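Comments concern the structure below.
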Amino acid sequence: MSGLCRRISAIIGCIVILLSTGATGVEAAATPAPSTPIQHFLFMMQGDRSFDNYFGVYPGADGIPSGVCQEFVVGRPDSGCVQPFLIDQASAASVIAGPNLINRQWNNGAMNRFVAAFHTQGRDGTVAMGHYDADMLPFYWSVAQNYVLFDRFFASTRLGESANRNYWVAAGPAPGPAGDQAAGFDQTTIFDRLQDAGVSWKFYVQDYQPDKNYRAAPITDPTTQPVRVPLLKQDRFIDNPELSSHIVDLDQYYTDLAAGTLPAVSYIASSSASERSARSLPTGQNLARNLLTQLMLSRFWESSAFLLSYDGSGGWFDHVAPPQVDENGYGLRVPALLVSPYAPQGVVNQTVLDSTSALKFIEDNWSLPPLTARDTAATSIAGALDFRTTPRAARLLPVRPVEAEPLVGATGAVYLTYGSAAGVIGLMLILAAVLPWTRRGLTLLYRGRHRWDRIGAPSP
Amino acid sequence: MRSPTSPGQAQIDIRESPAGRHARPATSGLSTGRALLRRLSPLAVPVLSLAAVLGLAAFFRFWQLDAVGFNSDEAVYTGTAASIAGDPAMVPIFPIFRAHPVLFQMLLSLFLGDGVSDWTARALPAAIGVATVALTYLLGRRLYGHRAGLIGALILAVMTYHVVVTRQVLLDGLMTLCATGVLYCIVRYSETIALRWLLAAGAMMGATILSKETSIVLAGGLYAYFALTPAVRLKFRHLLLAGVTTIVVVLAFPLALTLAGRASTGQNYLLWQLFRRSNHPLDFYLAVVPAAVGYLVLAAAIGGLIWLRTENTWRERLLICWMLVPVAFFTVWPVKGYQYLLPIAPVLAVLAGRMISRLGTTPHFVNRPRRGSVTRIVAAAVVVASLLVPTVQEIQPSGRTTFLAGTGGVPGGREAGLWLRDNVPAGAQLLTIGPSMANILQFYGLHRSLALSVSPNPQSRNPSYTPVTNPDLAVRSGQIQYLVWDTYTAARTPFFAGKLTELADRYHGVQVFPKPSGIGAAGSEQSPAVVIYQVRAP
């Protein structure tokens, strides 16, 4: 290469670098600053659990009331009833329930057909009354004890998992009469808003397969990728590289944390760890634990909030009748946990919320226009955070609570027994060392007195 | 009162022992004052010389005391003491009752009320070391006179073995002080057959056992001494009362466990100690201790016993029994530790002092007292000089990463632990290659640390340690967030070091300490002593 060519290529290189630097600078300048200290919001959606199923016996929460017994046939006490029971490892079971069954369970707010709805289908609905406790959900209960647990967080709709996932990203059901069955549609999502505003975002998907979109996978099965990732039902998120490049495998989450490239808004969809089945419950907890742990170990902890929730009640019992905000919503209560350095410790928040409350928070935080009437009217989850206090230092949660040794008794026992032993040792040594001196002193005293006796007392 | 001495020996005793001096008739009035002055002026030289020896002992024990961080045992004992003192950060990590009695830890806890520091923790055993030098002087003076006592104390003051161990937060320093106290009391009993001295010996024996339970072996030495020395008539009533005194003192150990509801802790540890595998070859002490106490010291002690064999009495028999029994026991006992034989160090020093103090007193020197003095001074100087070089080398802070357990602190452990304390969130857990580094990191880092090499078999592990039965699961389930590799343990257990490296590779290990900066890979010559990897589930 001649010297001239080398100079020209160097100049071009400099120009490219300058332009790219300038572009980045412009982009960075255009990114709206968040209105709260939360610069990174993460929302993980799991599947099919009701609040009472996970936290029905959690102290301080609006859990399962006493005396509940769901009849096999409503209005016929003689048909028998099922009381809530604790699910242990041996009785681990799963419930499969579509929107129709959940609507029957809801029964216009009577909340009295959780077993009967199964019974009318010829299925044993007993398992729907099962619930977990701290032994089976040690990590989630530990999160609740250390951060915020919502006990009025509802599924957005009773139309099923697919529709709820759509509410998750777009504050409404998929357009068209099919509702949750729709695919290949065009609907504005929160990610469009973020993209337009220049706010960074990513959709992390466990075991992500880019080719598994609505065109290649059935959307009736809630476990398929297009259902779990509703963006994959829209053509532009499939075909437009500018958008599709934001949908990445969950491994990228860890890479982003390590590289310092965590986006402002992150959505997380699990796959095998979705918690829909009893078998996936431990893996779901492990996944949530790993995600939170790595977040806490990263430099993003101080400016982040992590919301974990569920896309529907899945047929499990819940005793609270959901408020009616539209024809199909809310759905039944679902578990929801908020982890952030600004989350107060061990608070059970009773604000009525749903997944659009998270959208409301994103919109408020980054000054984005709302998507639908639902997120416009929703209450933001920001109320659960306390920005007046200094952010809490990260504290990884133990798999199981560690019981410390009772200190007072042990310390007292040590000082009492060893102190007594030291006393005995000291006494023996003093006796051994001082006794002859004492004798000698007494002897001298005795001799001295006799001498005074002989000489007589001195005159004054 | 019977004195079990030969006539010739008795003369020496009366002249040189304090008891002999105190046996003089008492004076009165002004003459008492003058006598006191007369008696004080000759005391000045011995007192000053002893003060100089103690100053030297203190210098070697306190100089650069915290230049290197704790080793595993030091971390555990200091952590336990801090727990006793009520340090909330240490209580969940270091339970008060682990294995040994906690007399030393209780004493240490009294100094940790305002917080834990390496220097404060090490200052106590260092002070105990200086006290042992003083007691060795008393013992030597009692047995062989001031000169022998002073030379013995000087030897112990600079003896590598004693200096190295008493610069560490270990139980053995206090055990040696108490054991030397036992010996002193037994000497006094042998001289007087007075019950009070045997009771004091019993109490000190109890203190020795409460310092470290393995010292119960020393009782065997006393048994051998009394059994082999008919001249010292041990009365059964005295023995019984002294035994009761020992038991009363030692009862503190099981009583504390029972009161705290931890009786099974001591039992488990005892069972493990009885059946654990050998950790060193049979000739371990033969290879290690002579160099640590000093070859010339050993030669002087043994040479003196041979050279002065015609003068040997119950004194030498007591000292020999006191040394031989623990040496024989720990040689045969499968579990060996560098510091286990420390109680014989003062005895060797006294015997060496005895020999050197007798140099220049042979008939050849009768008309040449100055030459005799010079001979003694030169001999003492040569012996002390032979100790000074290795002692100075041992207490110099160095970056070495392979050494014998118990011979000093572990380089790199403190720095890694403090990094953990400052940079890692509470609740994070670590996995190290072995439990030694785990203890160090727990102490400095205040994070729970597990060790890969801890056996899942309860019969093959220290009951204080928690095994990681499935390390993969521990990482995958999020129980472990950091893996720690260190050269010290890697050199001892290459198998588990390799396993840890495999885990780091498998679970996306990212080196977070020290910050990678072109340093060689772990295990290479340029690698740091400790490397911490952050790992995550796949």
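If you're wondering where the values come from, they're calculated on a predicted model, not measured in any experiment. The sequence lines fix the lettering, A, B, ..., with proteins before strands; numbering per chain opens at 1.
Heavy-atom pairs under 4.5 Å with chain A peak, among B:A201, B:G181, B:S109, B:G202, at B:S109. Among B:V250, B:V510, B:L210, the residue making the largest number of heavy-atom pairs under 4.5 Å with chain A is B:L210.
Looking at A:S420, neither its backbone nor its side chain comes within 4.5 Å of chain B, counting heavy atoms on both sides. Using a 4.5 Å cut-off between heavy atoms, B:Y184 makes no contact with chain A at all. Of the atoms belonging to A:D251, heavy atoms from both backbone and side chain fall under 4.5 Å from chain B. Neither the backbone nor the side chain of B:P88 comes within contact range of chain A; no heavy atom of the residue lies under 4.5 Å from a heavy atom of that chain. No part of B:C178 comes within reach of chain A, as not one of its non-hydrogen atoms sits under 4.5 angstrom from that chain.
Atoms OG1 and NE2, on A:T255 and B:H508 in that order, are 8.5 Å from each other to the nearest 0.5 Å. Annotation: the span from A:L297 atom CG to B:Y482 atom OH amounts to 4.0 Å, rounded to 0.5 Å. Separating the CD atom in B:Q479 from the CG atom in A:L396 is a distance of 12.5 Å, to the nearest 0.5 Å.
Within 6.0 Å of atom CZ in B:R476, 12 or fewer heavy atoms from other residues, nucleotides or ligands are found, so the atom counts as exposed in its surroundings. In A:E302, the CD atom is not crowded: 12 or fewer heavy atoms of neighbouring residues, nucleotides or ligands sit closer than 6.0 Å. Within 6.0 Å of atom CG in B:L110, more than 12 heavy atoms from other residues, nucleotides or ligands are found, so the atom counts as buried in its surroundings.
A donor atom on one side chain and an acceptor atom on the other are found under 3.5 Å apart for A:Q294 and B:Q534.
Between the A:R289 side chain and the B:G478 main chain, a donor and an acceptor come within less than 3.5 Å of each other. Judged by distance alone, with hydrogens and angles left aside, the side-chain atoms of A:Y254 form no donor-acceptor pair with the main-chain N or O of B:R536 at under 3.5 Å.
When all heavy atoms are compared, the tightest approach of A:Y418 to B:A252 is CE1-O, 3.9 Å. Nearest heavy-atom pair, B:S477 versus A:N286, reported as atom, atom and distance to 0.1 Å: O-OD1, 3.5 Å. Considering every non-hydrogen atom in both B:S83 and A:T411, the closest pair reads O-OG1, 4.1 Å.
Taking the side chain as every heavy atom from C-beta outward, B:I84 and A:Y415 approach each other to under 4.5 Å.
Evaluation of the side-chain hydrogen bond (donor to acceptor under 3.5 Å, both in side chains) rule for B:R506 yields B:D472 as partners, not counting sequence neighbours.
Within residues 422-434 of chain A, the residues that have a heavy atom under 4.5 Å from a heavy atom of chain B are A:V424, A:I425, A:M428, A:L429, A:L431, A:A432, A:A433, listed by number.
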